[in-house]
Amino acid sequence: MQVILLGLPGAGKGTQAAWIVEDFGLPHISTGDMFRAAAKGESQVSGEIRSYIEGGLLVPDELTIRIVRDRIAQDDAKEGFLLDGFPRTRPQAQALDNMLAEVGRPLSRVIYLEVGREELLRRLGGRWVCPGCGATYHAVFQPPRSAGVCNECGTALQQRADDRPDAVRVRLEQNWDNTQSLVAFYEARGVLTRLAGDQPIDRVRRAIRAALRGDGQ
Ligand code: ADP
Ligand code: AMP
């Protein structure tokens, strides 16, 4: 099963990915998580990645495609994977097509979580993440049981550097046209499922589950 979660920043990809990977036994391949991990290093490349992320800019396609190619070649991805945050541009989508053609595995489904701009701003403005285990919360929509502390591992929660209002504006602008272009690309291939992502987390979850089981389209 090769699945893509597509949607603007804040659409709920990471939130939904957390249960999909458990239920369907797929590795979670999040380019955002991979870049955040790489940005912690001391090398020149780490510094470059850090400045792209903090500015809300996309990391160049060549580097992004290379890290995904290496990641999906690993053993745990041989039976399938869930891509979250990749592809984000047409060249990335074309490169993914080529990678899948090389190994003779088609895309199973692209789930597009459609959410309006105002709701995305509310979500990104209130997002809190756990630096320990990666769990995602929202101050209002999905608060932790104990304020500021992760339910799963007890680590103090943080806000992401790129959830500042100025970086959010750049991210939404950068990603808007690209996302529309990818929606058209996958719609033309007949693998796209559009879902209303602006519903409560549980309802989105049910809709995704139905789409992935093939009984909800
Ligand atoms: P993405 O991975 O697409 O950037 P996230 O999964 O991190 O988005 O979600 C962004 C924020 O919105 C988080 O704070 C999350 O708790 C919250 N959120 C996710 N899905 C929903 C939803 N359906 N309704 C309300 N808030 C949501
Ligand atoms: P995310 O966690 O998906 O919101 O991604 C955080 C940041 O990582 C983005 O704002 C980009 O700087 C970078 N990034 C993640 N995925 C990609 C991608 N597919 N292409 C380019 N940059 C990416």
Side-chain angles (χ1 to χ4, degrees), residues 4-21 28-40 46 48-69 71-72 82-96 111-116 118-130 134-144 150-151 157-164 166-176 178-179 181-182 195-208:
I4 296 175
L5 274 183
L6 184 64
L8 286 163
K13 301 181 298 295
T15 300
Q16 301 295 338
W19 70 264
I20 297 172
V21 296
H28 179 196
I29 303 184
S30 156
T31 41
D33 286 350
M34 290 160 86
F35 284 137
R36 275 184 291 279
K40 289 186 183 141
S46 294
E48 285 170 16
I49 293 174
R50 201 157 46 238
S51 60
Y52 288 121
I53 294 181
E54 288 180 2
L57 299 167
L58 291 177
V59 175
D61 283 337
E62 197 194 322
L63 175 57
T64 305
I65 289 164
R66 188 154 17 104
I67 68 148
V68 172
R69 180 183 290 281
R71 180 64 187 86
I72 68 176
L82 177 71
L83 283 171
D84 160 3
F86 181 94
R88 263 188 162 98
T89 64
R90 278 273 181 135
Q92 292 180 14
Q94 258 134 15
L96 178 64
I111 304 282
Y112 173 41
L113 299 177
E114 214 167 359
V115 178
E118 291 306 310
E119 176 69 8
L120 294 172
L121 293 175
R122 276 193 289 275
R123 290 188 185 180
L124 295 172
R127 172 157 66 182
W128 288 83
V129 292
C130 174
T136 301
Y137 299 89
H138 189 280
V140 177
F141 305 135
Q142 198 188 13
C150 180
N151 293 347
L157 301 178
Q158 295 179 347
Q159 287 193 288
R160 274 171 49 170
D162 58 350
D163 283 343
R164 294 184 325 270
D166 54 330
V168 164
R169 262 194 306 280
V170 176
R171 286 159 72 208
L172 293 182
E173 265 162 36
Q174 280 235 316
N175 282 287
W176 180 262
N178 282 322
T179 302
S181 163
L182 293 179
L195 295 179
D198 56 355
Q199 314 176 74
I201 293 173
D202 239 39
R203 294 189 64 155
V204 177
R205 177 185 178 127
R206 282 203 293 275
I208 294 177

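Both counts, for ligands and for their atoms, begin at 1 and track the order of listing.
In this structure, G7 falls outside the shell of residues with a heavy atom less than 4.0 angstrom from ligand 1. Judged by the shortest distance from any of its heavy atoms, Q199 lies inside the 4.0 Å radius around the atoms of ligand 1.
The protein non-hydrogen atom at the shortest distance from atom 14 (O) of ligand 1 is Y137 O, 2.7 Å. Looking only at protein heavy atoms, the nearest one to atom 8 (O) of ligand 1 is G12 N, 3.2 Å. Among protein heavy atoms, the minimum distance from atom 27 (C) of ligand 1 is reached at R123 NE, 3.7 Å. Counting only heavy atoms of the protein, atom 2 (O) of ligand 1 lies nearest to G14 N, 2.8 Å. Among all non-hydrogen protein atoms, the one lying nearest atom 6 (O) of ligand 1 is T15 OG1, 2.6 Å. Protein heavy atom closest to atom 4 (O) of ligand 1, with residue, atom name and distance, is G10 N, 2.8 Å.
Proximity of M34 to I29: side-chain heavy atoms (C-beta onward) are separated by under 4.5 Å at one or more points. By the 4.5 Å heavy-atom criterion applied to side chains, I20 and L5 are counted as neighbours. Residues W128 and H138 have side chains not in contact (no heavy-atom distance under 4.5 Å, counting atoms from C-beta outward). For the pair R50/I53, no side-chain contact is recorded, criterion being any heavy-atom separation below 4.5 Å from C-beta on. Annotation: side chain of L124 is in contact with side chain of P9 (closest heavy-atom distance under 4.5 Å). Looking at L121 and L172, their side chains come closer than 4.5 Å, going by heavy atoms from C-beta outward. At a threshold of 4.5 Å between non-hydrogen side-chain atoms, the residues I208 and L113 count as touching. Side-chain atoms of L58 and N175, non-hydrogen and from C-beta on, do get closer than 4.5 Å to each other.
Residue contacts with ligand 1 for A17 are absent, since no atom lies close enough (heavy atoms, distance under 4.0 Å). Residue contacts with ligand 1 for R127 involve both N, CA, C or O and side-chain atoms from C-beta outward (heavy atoms, distance under 4.0 Å).
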* **side-chain contact (heavy atoms from CB on, under 4.5 Å) evaluation trace for T89 with T64** => CA-CA 10 Å; T89 64; T64 305; over 6 Å; no

* Asked: side-chain contact (heavy atoms from CB on, under 4.5 Å) between I111 and Q16: does it pass, once the steps are laid out?
  -> CA-CA 11 Å; I111 304 282; Q16 301 295 338; over 6 Å; no

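Under a 4.0 Å criterion applied to the non-hydrogen atoms of P200, ligand 1 contributes the atoms 23 (N). Every atom of ligand 1 is numbered from 1 in the order shown, and the set under 4.0 Å from a heavy atom of F141 is 25 (C), 26 (N). Of all atoms in ligand 1, numbered sequentially from 1 with element shown, those under 4.0 Å from a heavy atom of Q142 are 15 (C), 16 (O). Using a 4.0 Å cut-off to heavy atoms of A11, the atoms of ligand 1 that qualify are 3 (O), 8 (O).
Remark: D33 pairs with R36 by the salt bridge (charged side-chain N to carboxylate O under 4.0 Å, His left out) rule, at least two apart or across chains.
Around ligand 2, the residues contributing at least one heavy atom under 4.0 Å from the ligand are T31, G32, F35, R36, I53, L57, L58, V59, T64, G85, F86, R88, Q92, R160, D162, R171.
The pair R169-E173 does not meet the salt-bridge criterion, since no charged nitrogen lies less than 4.0 angstrom from a carboxylate oxygen.
Atom OG1 in T15 sits 8.0 Å away from atom CZ in R123 (nearest 0.5 Å).
Taking any N or O of V204, backbone or side chain, none lies under 3.5 Å from an N or O belonging to ligand 1.
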